[in-house]
There are 2 protein chains.
Amino acid sequence: MNREANRPAARSAAPTFSPLYRQIKDFLIASLEQGEWGPGDAIPSEGELAQRFNVSQGTVRKAIDEMAAENLLVRRQGKGTFVSTHSDPRSFYRFLRLLPDDGVAVQSVSNPFLCETVPASPEVAGVLGLQPADPVIHVKRLLSFSGQTVVFDQIYLLAELFSGLTLEALRAGERSLYSLFESDFGVRMINAEEHLRAVAADAESAGHLGVAVGAPLLLVERTAYTYGNKPVEWRRGLYCTEKHYYRNDLG
Amino acid sequence: MNREANRPAARSAAPTFSPLYRQIKDFLIASLEQGEWGPGDAIPSEGELAQRFNVSQGTVRKAIDEMAAENLLVRRQGKGTFVSTHSDPRSFYRFLRLLPDDGVAVQSVSNPFLCETVPASPEVAGVLGLQPADPVIHVKRLLSFSGQTVVFDQIYLLAELFSGLTLEALRAGERSLYSLFESDFGVRMINAEEHLRAVAADAESAGHLGVAVGAPLLLVERTAYTYGNKPVEWRRGLYCTEKHYYRNDLG
DNA sequence: AAGTGGTCTAGACCACCGT
DNA sequence: CGGTGGTCTAGACCACTTG
């Protein structure tokens with residue numbers, strides 16, 4: 001790494017000081033972004049990276065530590081360091097926070113029933129950084145836990161990144177949506193922000209979820225980001241919380 | 001630290017191996033728990049701790065790094081390492097996730113109107129690890145943002161830890177509840193878990209929040225923990241989400 | 001200038017995993 | 001066994017804060 005090119009910069013005025021391990025981290029993130037190593041792959045060992053960058057192993061270690069803390073990489077002692085993937089439950093975080101009142105988490109079943117390209121509404125365009133009427137892919141689906149429909153999702157995706165997505169592809173396989181996005185479109189969701197509200201069920205939601213019109217539903221609006229905090233998905237989920245709750249750990 | 005006493009243990013059967021830095025971390029946490037250093041105080045420097053434990057500075061550093069990541073300590077370059085406190089906004093995390101739709105976060109105003117000791121209901125006893133009918137302190141309060149009442153909280157506290165808490169004390173000062181608990185009762189909330197649901201407003205909540213009976217409200221049930229994952233508070237909050245939302249960052 | 005945390009090094013040894 | 005990550009050391013120097 002360019003020791004000499006960097007250190008003097010710290011003494012000069014504007015350019016923010018960037019320690020070696022951060023330069024290495026940035027390089028590794030850029031490599032991930034470019035697909036240098038795919039999801040689930042092992043990255044080079046600490047020793048090899050240290051040689052490649054001409055730094056000590058401890059410096060590489062600090063870079064990888066931070067990326068592991070951000071769920072970009074997963075360390076496994078004795079085996080290596082691996083790129084996180086949504087396909088592997090033990091590796092990537094799950095975004096669905098809904099749990100049944102009694103008993104433990106059960107596998108959810110996704111049932112998509114619409115997938116079409118439409119012009120973005122002003123709201124969706126604003127969130128995804130598009131011009132109004134730019135194309136987005138609109139997906140509607142239901143989520144069930146133990147045979148009971150609990151979530152009605154409306155999902156909006158950047159058409160540019162997910163062109164070719166079909167209802168058949170969504171229906172195929174047992175994979176999660178994000179797992180499919182990752183393997184079939186090379187788009188990895190690495191971060192998301194949710195806004196929660198209580199709302200009254202409208203006719204469509206009530207029908208899907210089997211509740212009365214006007215019944216209280218949990219509205220979950222999610223913006224999901226890929227590398228560089230680029231928003232690529234916005235979804236509006238209506239959760240029936242009669243027998244399930246949304247769990248959040250603070251701290 | 002007891003190098004020799006520890007290492008052989010790793011080779012024997014049962015006792016789980018514990019690295020040096022973890023022993024130091026555990027020692028520091030125990031010290032915090034016993035009030036060795038109060039909220040906002042500086043703990044000894046890395047060098048001094050290294051000498052005291054007869055380890056290298058790097059080992060102390062790793063222990064402190066983990067505690068800083070858990071929001072137990074706050075590092076400030078050039079100054080020292082300090083015990084987190086709810087009194088200092090820049091130091092401890094805030095638990096309130098409610099934000100106004102438009103504009104940035106505004107200071108909330110707490111308006112408590114009831115504080116009495118009552119026997120724990122079975123539900124509260126279960127969560128707080130008490131026997132039913134053990135005493136708990138029941139607090140009711142309203143929270144306002146910019147003059148508008150948005151939250152109706154019912155709070156249950158271990159009577160044992162908060163004996164002497166009065167409505168007057170709650171009303172005094174501008175401090176947050178957790179700041180008051182920390183300074184007046186020596187109880188520090190370090191972790192919490194929330195369960196969210198959408199519910200229909202009952203008569204009491206509707207009256208407090210100025211909405212119709214049956215209107216959708218966000219129900220937030222929180223269990224808060226102090227050191228050792230000991231639950232010390234349970235609260236049931238009803239949030240009016242007409243002009244505010246609950247924000248959650250995933251990842 | 002002195003004291004603190006922040007970065008970096010070079011090397012040792014341990015724990016874990018596969019072959 | 002060899003290779004990986006995990007722990008630990010001793011020491012150097014940098015960056016930030018305060019007096």
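Numbers restart at 1 for each chain; the letters A, B, ... are given by sequence-line order, proteins then strands.
- For B:Glu193 (side chain) and A:Arg247 (main-chain N/O), no donor-acceptor pair under 3.5 Å exists by modelled atom type.
- Contact between the side-chain N/O atoms of B:Arg76 and the OP1/OP2 oxygens of D:dT17 is not found at any separation under 4.0 Å.
- For the OP1/OP2 pair of D:dC8 and a distance below 4.0 Å, the side-chain nitrogens and oxygens of B:Ser56 include no atom meeting the criterion.
- Across the protein-nucleic acid pair, B:Leu20 atom CG and D:dG6 atom C1' stand 13 Å apart, rounded to whole Å.
- Atom OH in A:Tyr21 sits about 18 Å away from atom P in D:dC14, given to the nearest Å.
- Side-chain contact check for B:Met67 versus B:Lys62: every heavy-atom pair is 4.5 Å or farther apart.
- In terms of phosphate contacts, A:Thr81 brings no side-chain nitrogen or oxygen within less than 4.0 Å of OP1 or OP2 of D:dT4.
- When ring centroids are compared, A:His244 and A:Phe145 come within the 6.0 Å threshold.
- Between A:Gln23 atom CD and C:dG6 atom P there is a gap of 19 Å when expressed in whole angstrom units.
- Rounded to an integer number of Å, the gap from A:Glu48 CD to D:dG5 C1' is 15 Å.
- A cation-pi geometry, defined here as NZ or CZ lying under 6.0 Å from the six-membered ring centre and within 45° of its normal, holds between A:Arg76 and A:Phe82.
- Among the nucleotides D:dT7, C:dT9, D:dA15, the one closest to any side-chain atom of A:Phe17 is D:dA15.
- Taking for each of A:Val60 and B:Gln57 the nucleotide of DNA chain C with the nearest heavy atom, the 5'-most of the two is the partner of B:Gln57.
- The side chain of B:Thr59 places no N or O atom within less than 4.0 Å of a non-bridging phosphate oxygen (OP1 or OP2) of D:dT7.
- Taking the six-membered ring where tryptophan is involved, the planes of A:Tyr245 and B:His195 are essentially parallel, since the angle between them stays under 30° and well short of 60°.
- For the pair B:Arg22 CZ and C:dA15 C1', the computed distance is 16 Å after rounding to whole Å.
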Could you pull out the protein-nucleic contacts involving nucleotides 16-19 of chain C (nitrogen or oxygen on both sides, under 3.5 Å)?
residue	atom	partner	partner atom	Å
C:dC16	O4'	A:Gln77	OE1	3.0

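- Taking the six-membered ring where tryptophan is involved, the planes of A:Phe181 and A:Phe185 are perpendicular, since the angle between them exceeds 60° and thus also 30°.
- Distance CD1 (B:Ile24) to P (D:dC8): 8 Å, rounded to an integer number of Å.
- The main-chain N or O of A:Gln23 is never found under 3.5 Å from a side-chain atom of A:Asp26 such that the two would form a donor-acceptor pair.
- Atom CE of A:Met67 and atom C1' of D:dG5 are 16 Å apart (whole Å).
- Rounded to an integer number of Å, the gap from B:Ile64 CD1 to D:dC8 P is 14 Å.
- In the set C:dT9, D:dT7, D:dG5, the nucleotide with an atom closest to the side chain of B:Pro19 is D:dT7.
- Each of D:dG6, C:dT9, D:dT4 was ranked by its minimum atom distance to the side chain of A:Arg61; first place goes to D:dG6.
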